[in-house]
Amino acid sequence: MQNSHANCTTILCVTWREPSPRIQELIRRGAWLALNPSREWLEEFDRVTLNASGPIARDPGLASVVARSNRINLVHFASSMLQTPGAPVEPDLNAETLRMARDLVRRGLDASALEVYRIGHNVAWRRWTEIAFELTSDPAELHQLLDVSFRSATEYVDGMLAGITAQMQAEYSELKRDDAAERRELVELVLNGAPINRHDVAARLGYSFEHSHTAAVVWSDEPNVGATPLDRVVEQFSQAVGSQRPLIVVASAGTRWMWVGNIANLDHERMREVAESTPDAQIAIGTTAPGIEGFRRSHTEALTTQRMLTRLRSPQHMASFADIEMVALLTENSTGADDFIQTTLGALATASPVLHTTVLTFIDAECNASRAARSLFTHRNTVLHRLETVQRLLPRPLEQNLIEVAVALKALQWRGDRAAADEQVAPTRT
């Protein structure tokens, strides 16, 4: 691989012509500006590039690796332009980029996922064009500056893609001999609901699907956290919940999936201590649920919790789905939202929008029926009568479940489940 990069660079050097001193100076000045981007631009760069691939954007661990690789390559290219303006830049297959190639393969993605590099090139080029127009307004200088820069940048991206693709091909070959990869593949068949012989798969995994399951995701976004610390957290987690035979899957270099079966209860304080034992690691935990559907559901909840912590850049080392469910269902998990709404509201979910509005108004009025009646332009007795109806429809008394009921009703409104969400309750007198 190194020889091919050297040959590529040699070919570029043969065709490369040194820019004029003036253009070199402009490139240096532009490279300095590129090396000091605003935080807003970097966030836009990450957002646009990562959203170019759904599987990458939905996977916090992989997204973090890809984002770091992209930024490292931006710095490498701009630094090269600062040192040797306009010259060919040899591809930099650094450790982070090689890790990205490995993780892409282990996520089951192929070279098409590298489109993020092309998208990143487009975003960076748009910024470079803005910089160029800030540096000079002379048409001849602009033409040469952009032409030289475009050639160098395009050739660099082509070289990087060729190197990463070759590395991915090597990873694919290794993957075929990797027992951990086979283990992950079997688990993904189960998670995806593929037609399988569950008893055969259970025997191969050494884990039964017949009991209840609690799923967890253990991960780190820090590039320097190796496999050993993460595996130690996984082992400590298993010991803390009293599981002798957990199911553990290496999802990537920085992520572990795990399931423990038939645990009596989950000591959150103990879990937090386990997570804090490795400062750069985090644990996301799903709820306990029975059977193979529970196996899938708990894992989905753990992934939802992981995405929530990552999206919010939370410093918390551990969170369970129960901790963040109300926030998560409003931002991501439509299936979870259905379960939460039905569990929380029961028959009230399909009741009259008038009752929904009354409950929300009552809660907003700090559970003061007279104040709620004034807001609804109705009589206090009418509000009390409606609340009595609500109490009969709810699975749990309203006063014991105020926050959950309010969130569930708001979710119905925001999802558009209520056709009359914006209707005003007609004045009623009794």
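From a predicted model like this one, the values you see are computed outputs, not experimental measurements. Each residue takes its place number in the sequence, starting with 1.
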Is there a side chain to side chain donor-acceptor pair (under 3.5 Å) between Ser212 and Thr288 once you walk through the steps? CA-CA 6 Å; Ser212 64; Thr288 301; over 6 Å; no
Just do the side-chain contact (heavy atoms from CB on, under 4.5 Å) check on Val66 and Leu50 with the steps written out, would you? CA-CA 8 Å; Val66 172; Leu50 296 178; 3.8 Å; yes
What verdict does the salt bridge (charged side-chain N to carboxylate O under 4.0 Å, His left out) test give for Glu44 and Arg126, after you've listed the backbone C-alpha separation in whole Å, the side-chain angles of each residue and the deciding distance to 0.1 Å? CA-CA 12 Å; Glu44 179 191 7; Arg126 187 168 66 246; 3.5 Å; yes
Working note: Leu142 + Phe133, criterion side-chain contact (heavy atoms from CB on, under 4.5 Å); need CA distance, chi angles, decisive distance, verdict. CA-CA 7 Å; Leu142 273 173; Phe133 276 86; 3.6 Å; yes
Stepwise side-chain contact (heavy atoms from CB on, under 4.5 Å) check, Phe295 with Thr214: CA-CA 7 Å; Phe295 180 90; Thr214 307; over 6 Å; no
Take Glu130 and Arg127 through the test salt bridge (charged side-chain N to carboxylate O under 4.0 Å, His left out) and record every step on the way to the result. CA-CA 5 Å; Glu130 294 171 353; Arg127 173 58 183 149; 3.4 Å; yes
Which is it for Leu93 and Gln167 under the side-chain contact (heavy atoms from CB on, under 4.5 Å) test, yes or no, and what are the steps along the way? CA-CA 9 Å; Leu93 292 181; Gln167 181 65 29; 5.7 Å; no
Worked verdict on Arg184 versus Glu188 for salt bridge (charged side-chain N to carboxylate O under 4.0 Å, His left out): CA-CA 6 Å; Arg184 177 189 166 101; Glu188 288 191 328; 2.7 Å; yes
Salt bridge (charged side-chain N to carboxylate O under 4.0 Å, His left out) for Arg71 and Asp46? Distances and angles first, verdict last. CA-CA 9 Å; Arg71 291 192 181 190; Asp46 288 343; 2.4 Å; yes
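If you take CD1 on Ile363 and OG1 on Thr358, they are separated by 11.0 Å, rounding to the nearest 0.5 Å. Rounded to the nearest 0.5 Å, atoms CD (Glu210) and CD1 (Ile292) are 8.0 Å apart. Once rounded to the nearest 0.5 Å, the distance linking CG of Leu145 with CD1 of Ile27 reads 6.0 Å. To the nearest 0.5 Å, the span separating OG1 on Thr344 from CD1 on Ile403 amounts to 12.0 Å. The line from CD of Glu18 to OG1 of Thr84 is 9.5 Å long, rounded to the nearest 0.5 Å. Atom CD1 in Ile196 sits 9.0 Å away from atom CG in Asp200 (nearest 0.5 Å).
In this structure the side chain of Thr255 reaches within 4.5 angstrom of the side chain of Ser252, judged on heavy atoms. Inter-residue side-chain proximity for Leu35 and Ser79 is flagged as met; some heavy-atom pair is nearer than 4.5 Å. In this structure, the side chains of Glu141 and Leu26 come closer than 4.5 Å at one or more pairs of heavy atoms. For the pair Leu394 and Val405, the minimum side-chain heavy-atom distance is below 4.5 Å. Put simply, the side chain of Trp257 reaches to within 4.5 Å of the side chain of Leu191, judged on heavy atoms. Side-chain contact check for Met100 versus Leu114: some heavy-atom pair is nearer than 4.5 Å. Contact annotation: the side chain of Arg371 never approaches that of Phe362 to less than 4.5 Å [non-hydrogen atoms, C-beta and beyond]. Counting heavy atoms from C-beta outward, Thr154 and Trp125 have side chains that stay 4.5 Å or more apart.
More than 12 non-hydrogen atoms from other residues, nucleotides or ligands lie less than 6.0 angstrom from CD of Glu40. The number of heavy atoms from other shown groups lying within 6.0 Å of CD (Glu185) does not exceed 12. Within 6.0 Å of NE2 on His211 lie more than 12 heavy atoms contributed by other residues, nucleotides or ligands. Taking a 6.0 Å sphere around CZ of Arg29, one finds it holds more than 12 heavy atoms contributed by other residues, nucleotides or ligands. Environment of CH2 in Trp32: sparse, with no more than 12 heavy atoms of neighbouring residues, nucleotides or ligands closer than 6.0 Å.
Looking at every heavy atom in both residues, Ile341 comes nearest to Ala408 through CG1-O, 4.1 Å. Between Ala372 and Ala365, the shortest heavy-atom distance links the atoms N-CB, 3.9 Å. Residues Gly30 and Ile131 approach most closely at CA-CG2, 3.7 Å, considering heavy atoms. Considering every non-hydrogen atom in both Pro60 and Arg58, the closest pair reads CD-O, 3.4 Å. Among all heavy-atom pairs drawn from Val65 and Asp103, the shortest one is CG2-OD2, 3.8 Å. For the residue pair Ala302 and Ala284, the shortest heavy atom distance occurs at O-CB, 3.3 Å.
In this structure a side-chain-to-backbone donor-acceptor pair under 3.5 Å is present from Ser238 to Val234. Judged purely by atom type and a 3.5 angstrom limit, Thr49 has no side-chain atom pairing as donor or acceptor with the backbone of Gly120. For Asn197 (side chain) and His199 (main-chain N/O), a donor-acceptor pair under 3.5 Å exists by modelled atom type. Counting only distance, with no hydrogens or angles, the side chain of Arg183 and the backbone of Ile248 share a donor-acceptor pair below 3.5 Å. Listed for the Ser220 side chain is no donor-acceptor partner under 3.5 Å among the backbone atoms of Ala281. Looking at His299, its side chain never comes within 3.5 Å of a backbone N or O of Ala216 through a donor-acceptor pair. Judged purely by atom type and a 3.5 angstrom limit, Glu301 uses its side chain to pair as donor or acceptor with the backbone of Thr287.
The six-membered or imidazole ring of Trp259 lies away from that of Tyr207, with a centre-to-centre distance of 6.0 Å or more.
Using a 3.5 Å distance cut-off with no hydrogens or angles, the side chains of Thr361 and Asp364 do not pair a donor with an acceptor.
In summary, Arg47 and Glu43 do not engage in a salt bridge, as defined by a charged side-chain N under 4.0 Å from a carboxylate O. Taking 4.0 Å as the cut-off between side-chain N and carboxylate O, Arg296 and Glu293 count as a salt-bridged pair.
Listed by first then second residue, pairs satisfying side chain to side chain donor-acceptor pair (under 3.5 Å) with a partner in residues 114-123 read Ser69-Tyr117, Asn73-Tyr117, Arg118-Asp158, not counting sequence neighbours.
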